[in-house]
Amino acid sequence: MGSDAALGRLRRAQPLARGHVGRPRLTAALENAGGHITTVTAPAGYGKSALVTEWLTTDSARVRGSVVLQLELRDNDPVRFWGHVARAASALGALVPDGTDTLLRDEIRAAPGVAPEAFLATVIEHLEAADRRGILVLDDIHVITNPEIGEGLSVLLATLPHTIQTLLVGRSLPVALRLQRLGSSGALTRITASDLSFTDDEALDLLNGLVDTDLDASELTPLLSRTGGWVTGLRYAAMAIRDPADLRSYVQHFSGHSRGVSEFLTDEVFEQQPLERQRFLVDASTVSTLTGPVCDALTLRTDSLALLRDLESAGVFLTSVDQQRTRFTFQSLFRDLLLDRLASAPAEHAMRLHARASDHYAASGEPTLAVEHALAAGDSARAAELIVPLVGDLHRQGLDRTLQHWFDAIPPRVLAQTPALALTQAWIRTYADDPVGAIDWCERADRAELAGIGSHAASPIEARVAAESACLRTIAYRTLGTLEAAITWGERALVLLDGRERTHRYVDSYARLAMTDALAEAYGLAGTPEKGMALLRGGIERARDGDNVFAAVALPGKMATLASSVGMFDIVVRYVDEAFHEAERYGLEGKLPTADAYVARGELLWERNELAASADAFQAAIDAAILSRSTWIRARALLGLAKCRSAQRHFAEAALILDTAEQGSGRGTLPEFLLAQLAERRILLAVRRGDLDSATASLDRLRLLSVQRDRLTYLTAVVALLGGRADRVADRPDPAPKPDDPRRELEWAVLQFRAAAARDERPSIVPVLERAQRGPFIRTVIGPDPMAISRGVRSLRAADRDANGISPAYLRQLDDAVRRELGMTNDSVPEHRRPTLDEPFSDGELAVVRFLPTDLTYAEIAAHRHVSVNTVKTQLKSIYRKLGVTTRSGAAERSRRLGLLP
């Protein structure tokens, strides 16, 4: 019926493009569609036609037969459109009679604007009479905008025999097309852009098929994120690669600015829109999420929501993100194109749009977005005004990087004019481990407050500037090691905070608790740990009361470290347990707040001579400090680890650890108190190695630093004793250790005992052990030279002097530790206990020796030690060889004779 030219509009399935990736999940959806009508709609380039072509080449589709009607804009003429439909029906087996085209023209002329019902009835009648299964595809259906055709197509689809499966394929559906009834009856299946988007595996197959490369899915993440699985974008990405070696770099930077993608989106999407809509799209790209109100504010329209919905329906790269279709986002690459267009407009236009967006978001209760757009508009003063009320909430949410990002975009002079912002910048510098910068911004905050500059000078935020500034200075000066200044500012902060206590307790809570941590440590380092511990008791109660998560973990840890420094181990155990309990409760295990608790645990285990476990605790503190980039906390934990390695006689490793601690993190010199502690640890390491020259050199360096006089006197005496000058060790140290510092008292007592023994005075060890058992102290008693202690302990045990008040259990524990120490070093002991090992045990082997007398299996020993069974077997084999035995019982007996077992 009709001309041959019209027949040219019908076509069979076309060949698939090179590199086509099969979509079995979607062809299955077409094959198993519940109804006889299927819509395949998505923006340009989503592979709609390719999917249909792939399905039409399947065996089941070939058996049925198919016709594709490729539509064009000129097909909005009803005579042309319905003529194509009649010829498609004929191609599917309907015997449409001659003269039907005349019937069509007459009916349309007689009733223009109305569906040609008589014509449609004739087509339907002959399709039903043919009783054949077939597939009719109306491709590019979005070009049909004539409502008359839309109405007629609604009638045709509602009455087509179910043996004809009809596919409507395009960027959108005709506005006048009514499919609601078909959808409710189950006759309609929809495939949309979300279904057509390539999965990771499909994208990987496509790229690897087009480019000779071996990318894996993880490397495609940036590209998939940018394209949203859009197949044309993926193809352009592949086409742009001339050298496959560049692909990994290219996928990281692929965007809508890329030439091929930009040209496609311009020609196929952007320029297909009327000029008015083009302007709307460009202006709307100012914001990332589009709503009716924000687009009205940007474009000064009143119908933006309706326009957004129309654009989405028309297949523009715009997607609703809620069920009500009130919020929309652009496809990422399409927004890149629009932003390029916006950037090419006069700068004043873009800044005006950002200013409108900022005003809208501020009025709508979205202050974060208001700040971002104020900055984009170049209005720093407005941005600063908007930031002030946000500071507290962002602090509490841990979003200081957001604040830093904003502050980087605001000139320092603007920040310095607003006390609250200057103070916030001081907090940020504190978190960045920049104490000098923090002090500088505290001074700016104070000056701004005194000058009364800023529009919020009377607000509660500004009113606390002096108190928080004092808190921050305390933290900064503690970090710098300027202890006197830290204590001065900390005590001033307490006065200011106490003055605000009744009305601002919870407002000031965070600043007070952070300052409490710093001031308590400053007290401890300045030789008054009792003040620090008293301060911490109140801080811990305040942290619990205010539910301050960070402080609830950190302050008990700080209490434990101060108690550890003076040997109050019962307090150490209590507060370490509390710190780790709170850390588990709040999910802070292994994070910075636990660092002090790990250090305290390490010190406690070191004192008990549990060196491997102590090293693990110090390593955990190092890891927590590294995660937070806290230089001085890391250095302090490294000091503890070096002390462990020295006790294990791994001297080279201990020296390397001290070098690492002294190097810091490249942020500048460590505070002087840490440099003094490093020098002290180097002295004690040299003494333990018997290296008088190194000990003397480290002592000379220590004298150049600020160090407490009693500590310098003690270390001078230690080095003198190493040099054989026992006469220089005073009977009474000057100044004497404080009575509330049992560890320092014990160190002097041990040193004086060793000096007296070196002078052949045969001193009694009882006064030393009376002090030591109160801890109980083990490593402090052993000290750098265990021989003198060994003789004193043996003589006391040989005399069986229980009446001296020394606990037999403690004496046995100390004797075991000394024997183990001497077994490791192969030093001489009494004849009946003399070790004859040619090579000492490793730490792992010594840990296994204590299991020799038990009935534990290899697997059970391995479980206790958290190692493999093979490791235990290897260590036992080495133990047998070194002991010269062949059985476990023989190894246990030999170890007892060596003093390695009780």
Side-chain angles (χ1 to χ4, degrees), residues 605-619 641 643-654 656 688-690 778-779 781-782 784-787 789-791 793-794 797-798 809 811-902:
L605 294 169
W606 179 86
E607 189 62 69
R608 291 175 176 175
N609 205 37
E610 298 178 33
L611 300 180
S614 174
D616 288 344
F618 285 123
Q619 185 61 59
L641 183 60
K643 181 163 65 172
C644 284
R645 296 300 184 234
S646 175
Q648 295 168 318
R649 301 192 68 81
H650 300 322
F651 300 134
E653 183 182 352
L656 182 61
R688 185 155 173 77
R689 297 175 66 175
I778 300 295
R779 284 297 329 170
V781 176
I782 294 174
D785 178 14
M787 284 306 305
I789 300 300
S790 176
R791 295 189 196 98
V793 170
R794 285 200 320 276
R797 292 194 72 183
L811 195 59
R812 185 167 53 253
Q813 184 182 9
L814 178 61
D815 192 22
D816 289 345
V818 172
R819 290 174 186 276
R820 191 174 300 113
E821 179 86 0
L822 295 173
M824 290 170 61
T825 62
N826 216 14
D827 288 332
S828 60
V829 290
E831 192 68 26
H832 67 287
R833 298 282 189 178
R834 181 175 300 150
T836 59
L837 293 177
D838 292 328
E839 55 181 314
F841 288 140
S842 69
D843 291 345
E845 291 163 355
L846 281 168
V848 171
V849 164
R850 67 187 181 92
F851 293 100
L852 291 174
T854 71
D855 295 325
L856 296 179
T857 65
Y858 292 163
E860 291 169 334
I861 295 173
H864 276 284
R865 298 205 55 238
H866 306 288
V867 297
S868 69
V869 174
N870 284 336
T871 297
V872 171
K873 289 180 179 179
T874 300
Q875 290 171 337
L876 283 170
K877 185 176 181 180
S878 178
I879 290 169
Y880 292 174
R881 177 179 58 78
K882 293 178 180 180
L883 292 174
V885 298
T886 58
T887 65
R888 185 165 170 176
S889 59
E893 177 57 27
R894 180 71 174 146
S895 296
R896 288 191 185 93
R897 291 182 59 199
L898 291 169
L900 301 178
L901 289 173

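If you're wondering where the values come from, they're calculated on a predicted model, not measured in any experiment. Reckoned from all heavy atoms, side chains included, excluding hydrogens, waters and symmetry mates.
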Point to revise | Min side-chain heavy-atom separation V818-D816 under 4.5 Å | key: no

Check your understanding: With E610, which residues qualify under salt bridge (Lys or Arg N to Asp or Glu O under 4.0 Å), at least two apart?
Key -> none

**Study point:** Closest non-hydrogen atom pair, W606 against K643
**Key:** NE1-CG, 3.3 Å

Check your understanding: So, the side chain of R689 versus the backbone of F651: is there a donor-acceptor pair under 3.5 Å, distance only?
Key -> no

Exercise for review: Please examine the side chains of Q875 and S878, heavy atoms only from C-beta on, and report whether any two atoms are closer than 4.5 Å.
Suggested key: no

**Study point:** side-chain contact (heavy atoms from CB on, under 4.5 Å) evaluation trace for I789 with I782
**Key:** CA-CA 6 Å; I789 300 300; I782 294 174; 5.5 Å; no

**Study point:** Derivation and outcome, side-chain contact (heavy atoms from CB on, under 4.5 Å), residues T854 and R888
**Key:** CA-CA 10 Å; T854 71; R888 185 165 170 176; 3.4 Å; yes

Practice item. Measure from the side-chain N and O atoms of R688 to the backbone N and O of R649, and report whether any donor-acceptor pair falls under 3.5 Å. Key: no

Revision key, fill the gap. From the list L852, V872, V869, side chain to side chain contact (heavy atoms under 4.5 Å, CB included) with I861 holds only for V872

Exercise for review: Measure the CG-CD distance between N609 and E607 for me, rounded to the nearest 0.5 Å.
Suggested key: 9.0 Å

Study note, to complete from the structure: OG1 (T874) and CD1 (I879) are apart, to the nearest 0.5 Å, by 11.0 Å

Revision key, fill the gap. Those residues at least two apart in sequence (or on a different chain) that pass side chain to side chain donor-acceptor pair (under 3.5 Å) with T887 are S889

Practice item. Give a yes or no answer on whether the side chain of R608 reaches the backbone of S614 with a donor-acceptor pair at less than 3.5 Å. Key: no

